[in-house]
Amino acid sequence: MEILDHFSLKNFNTFGIDATARRFVAIHNIEELKAVLQHNPQDQIFVLGGGSNMLLTGNVDALVVHIDIKGKKIVRENDDFAEVQCNAGENWHQFVLWTIDQGFGGLENMSLIPGNVGTTPVQNIGAYGTEIKDTFVSCDAMDTATFEITTFYHDQCKFGYRESIFKNEVKGQYIITSVTFRLTKRNHKINTSYGDILAELEKQHITNPTLRDVSNAVIAIRRSKLPDPAELGNSGSFFKNPVISKTQFEEVSKKFPHIKSFPVSETEVKVPAGWLIEQAGFKGKRFGDAGVHKNQALVLVNYGNATGAEILDLSRRIQQSVYDIYGIKIEAEVNVV
Ligand code: EPU
């Protein structure tokens with residue numbers, strides 16, 4: 001375990017922001033993590049997973065601890081299910097592909113989401129009709145004060161839309177070291193209810209899709225709409241889709257009859273922020289090296305040398321403009337650091 005000084009984080013955040021860590025260490029197992037936590041004050045530590053959901057707005061004046069714990073194993077199985085425990089440092093998409101190779105179902109709709117396994121429960125990642133919470137069993141996490149490993153079971157995690165206990169009540173108190181998923185071995189629940197998936201499968205003339213067909217369809221849709229961070233820095237959806245009351249929605253629809261919505265509850269609807277941002281005129285716009293993606297207005301991009309502050313500034317202009325037009329507040333989904 002080597003601690004490096006003045007380390008560039010450019011390759012460690014998918015936005016490709018060239019910020020520097022005062023010190024940096026990659027840890028490969030629980031013992032190394034414990035040693036690092038024991039020897040450094042808590043307020044001097046900054047935990048970094050896959051760097052796919054954060055915007056660095058300046059240099060990080062701390063010891064950046066990159067969680068690089070690899071490995072996965074089947075911990076329980078019967079004829080119907082396999083429970084797979086995957087360590088935090090595994091790349092999410094590679095893990096999803098591995099589960100499909102094993103014939104295990106449940107994660108296929110979340111193919112190609114950037115980032116590492118350890119951060120997936122934090123914001124209950126989701127795509128195309130499926131969220132982590134649908135297959136999540138538990139996760140192990142190190143308590144940063146006692147250095148003990150605690151297991152958090154599903155009902156303790158308080159999962160919501162891009163929400164969990166790890167973003168709220170226990171924020172900063174635990175470092176997730178592994179996640180366990182319960183996956184189907186037969187009678188897979190193929191979920192093609194999200195419109196885009198059905199359309200993509202139809203395009204390929206597939207009527208009875210396998211896990212791999214669904215995964216391939218998701219990969220094709222994502223490639224067509226979402227920029228590849230290896231080619232164009234980004235952090236996926238920069239904003240969450242706002243949830244507003246039906247009353248407010250009805251008011252806004254009077255003025256904007258084409259506004260879209262998805263049901264959430266008896267009293268609330270979700271409005272696609274991508275639509276709001278597009279209508280506000282930002283889709284495909286570029287301001288210096290910061291921009292709004294041409295195919296998906298929810299995604300902010302770094303054309304090369306944008307600073308985190310420039311991207312943050314653009315995000316604030318978008319928020320203000322959407323608020324001025326529709327009276328709807330859109331919140332950032334990424335962590336602004
Ligand atoms: N839309 C527009 N203009 C745009 C983008 C979207 O009008 O530029 C409209 C679309 O026409 C559609 C609706 O918004 O009617 C929804 O669009 P889409 O299916 O692309 O999904 P989204 O709500 O924009 C969410 C997630 C994505 C996830 C997709 C698919 C959030 C914040 N984002 O986006 O997640 O891939 O659904 O499930 O919930 C991510 O979190 O990083 C991410 C990419």
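Here the structure is a predicted model, which means the values were calculated and not measured. Remember, it's 1-based here, ligands and their atoms both numbered in the order they're listed. What's counted below: heavy atoms across the whole structure, side chains too, no hydrogens, waters or symmetry copies.
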Undergrad: Could you identify the single nearest non-hydrogen protein atom to atom 38 (O) of ligand 1 and state the distance to 0.1 Å?
TA: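 Protein heavy atom with the smallest distance to atom 38 (O) of ligand 1: Tyr128 N, 2.6 Å.
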Undergrad: Quick one: which of Ser52, Ala273, Ser237, Gly284 has a heavy atom closest to atom 27 (C) of ligand 1?
TA: Ser237
Undergrad: Pick one: which of Asn40, Asp5, Asp61 meets side chain to side chain donor-acceptor pair (under 3.5 Å) with Arg23?
TA: Asn40
Undergrad: Is Glu268 reaching over with its side chain to a backbone N or O of Val264, donor-acceptor style, under 3.5 angstrom?
TA: no
Undergrad: Taking only non-hydrogen atoms of Arg222, do any sit less than 4.0 angstrom from ligand 1?
TA: yes
Undergrad: Looking at side-chain heavy atoms only, is the closest gap between Trp98 and Val84 below 4.5 Å?
TA: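 With C-beta onward as the side chain, the pair touches.
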Undergrad: Give the ring-plane orientation class for Phe136 versus Phe181, where under 30° counts as parallel, over 60° as perpendicular and anything between as tilted.
TA: perpendicular
Undergrad: With no hydrogens and no angle check, do the side chains of Ser224 and Asn295 hold a donor and an acceptor under 3.5 Å apart?
TA: no
Undergrad: Please list the nearest protein heavy atom to atom 37 (O) of ligand 1 with its residue and the distance rounded to 0.1 Å.
TA: Tyr194 OH, 3.5 Å
Undergrad: Looking at Phe95, does the NZ or CZ of Lys72 lie under 6.0 angstrom from its six-membered ring centre and within 45 degrees of the ring axis?
TA: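 Pair Lys72/Phe95 does not count as cation-pi.
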Undergrad: Do the side chains of Ile328 and Gln248 get nearer than 4.5 Å, heavy atoms only?
TA: yes
Undergrad: Pull out every atom of ligand 1 sitting under 4.0 Å from any heavy atom of Tyr161, numbered as shown with elements.
TA: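 So the atoms of ligand 1 that pass are 31 (C), 32 (C), 39 (O).
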Undergrad: What atoms of ligand 1 come within less than 4.0 Å of a heavy atom belonging to Phe239?
TA: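 Near Phe239, meaning under 4.0 Å from one of its heavy atoms, ligand 1 has 32 (C).
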Undergrad: Which residue holds the protein heavy atom closest to atom 12 (C) of ligand 1, what is that atom called, and what is the gap in Å?
TA: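 Sorting protein heavy atoms by distance from atom 12 (C) of ligand 1 puts Lys260 NZ, 4.2 Å first.
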Undergrad: Return the closest protein heavy atom for atom 6 (C) of ligand 1 as residue, atom name and distance.
TA: Gln296 OE1, 3.8 Å
Undergrad: Just distances here: any N/O of Ala297 and N/O of ligand 1 closer than 3.5 Å?
TA: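 Yes.
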Undergrad: Verify the contact flag for atom 14 (O) of ligand 1, where contact means a protein heavy atom under 4.0 Å away.
TA: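 Flag for atom 14 (O) of ligand 1 set to true, protein heavy atom closer than 4.0 Å.
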Undergrad: Write out the residue and atom name of the closest protein heavy atom to atom 1 (N) of ligand 1, then the distance separating them to 0.1 Å.
TA: Trp275 N, 3.7 Å
Undergrad: Parallel, tilted or perpendicular: which describes the rings of His66 and Phe12, with under 30° parallel and over 60° perpendicular?
TA: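 The arrangement is perpendicular - the two ring planes meet at more than 60°.
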Undergrad: So, do Ile176 and Thr120 sit near enough that their side-chain heavy atoms are less than 4.5 Å apart?
TA: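 Not in contact.
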Undergrad: What I want to know is whether Glu278 and ligand 1 share at least one N or O pair that is separated by under 3.5 angstrom.
TA: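 There is such a contact, yes.
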Undergrad: Could you tell me the residue and atom name of the protein heavy atom closest to atom 23 (O) of ligand 1, and the distance to it rounded to 0.1 Å?
TA: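 The closest one turns out to be Asn241 ND2, 2.8 Å.
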Undergrad: For Ser235 and ligand 1, does the shortest N/O to N/O distance drop below 3.5 Å?
TA: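 In fact, backbone or side chain, Ser235 has no N or O that close.
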Undergrad: Could you check atom 16 (C) of ligand 1 against the protein and tell me its nearest heavy-atom contact, residue, atom and distance included?
TA: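 In this structure, atom 16 (C) of ligand 1 has Pro272 CB, 4.1 Å as its nearest protein heavy atom.
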Undergrad: Surrounding NZ of Lys73 (heavy atoms of other residues, nucleotides or ligands, distance under 6.0 Å), is the total greater than 12?
TA: no
Undergrad: Against heavy atoms of Lys283, which atoms of ligand 1 measure under 4.0 Å?
TA: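 Counting atoms of ligand 1 from 1, those under 4.0 Å from Lys283 are 3 (N), 4 (C), 8 (O).
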Undergrad: Considering only protein heavy atoms, which is closest to atom 34 (O) of ligand 1, and at what distance to one decimal place?
TA: Leu298 CD1, 3.9 Å
Undergrad: Give yes or no for whether the N/O distance cutoff of 3.5 Å, strictly under, is met between Arg162 and ligand 1.
TA: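 Among all N and O atoms of Arg162, at least one is under 3.5 Å from an N or O of ligand 1.
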Undergrad: Could you note down all residue pairs passing salt bridge (charged side-chain N to carboxylate O under 4.0 Å, His left out) where residues 127-145 supplies at least one of them, sequence neighbours left out?
TA: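 Pairs touching residues 127-145 that pass the test: Glu131-Lys133.
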Undergrad: Quick check on contacts: which atoms of ligand 1 are under 4.0 angstrom from a heavy atom of Gly236?
TA: 42 (O)
Undergrad: With salt bridge (charged side-chain N to carboxylate O under 4.0 Å, His left out) as the rule and sequence neighbours excluded, what pairs involving residues 171-186 come up?
TA: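 Qualifying pairs, neighbours excluded: Glu77-Lys185, Asp80-Arg186, Glu83-Arg182.
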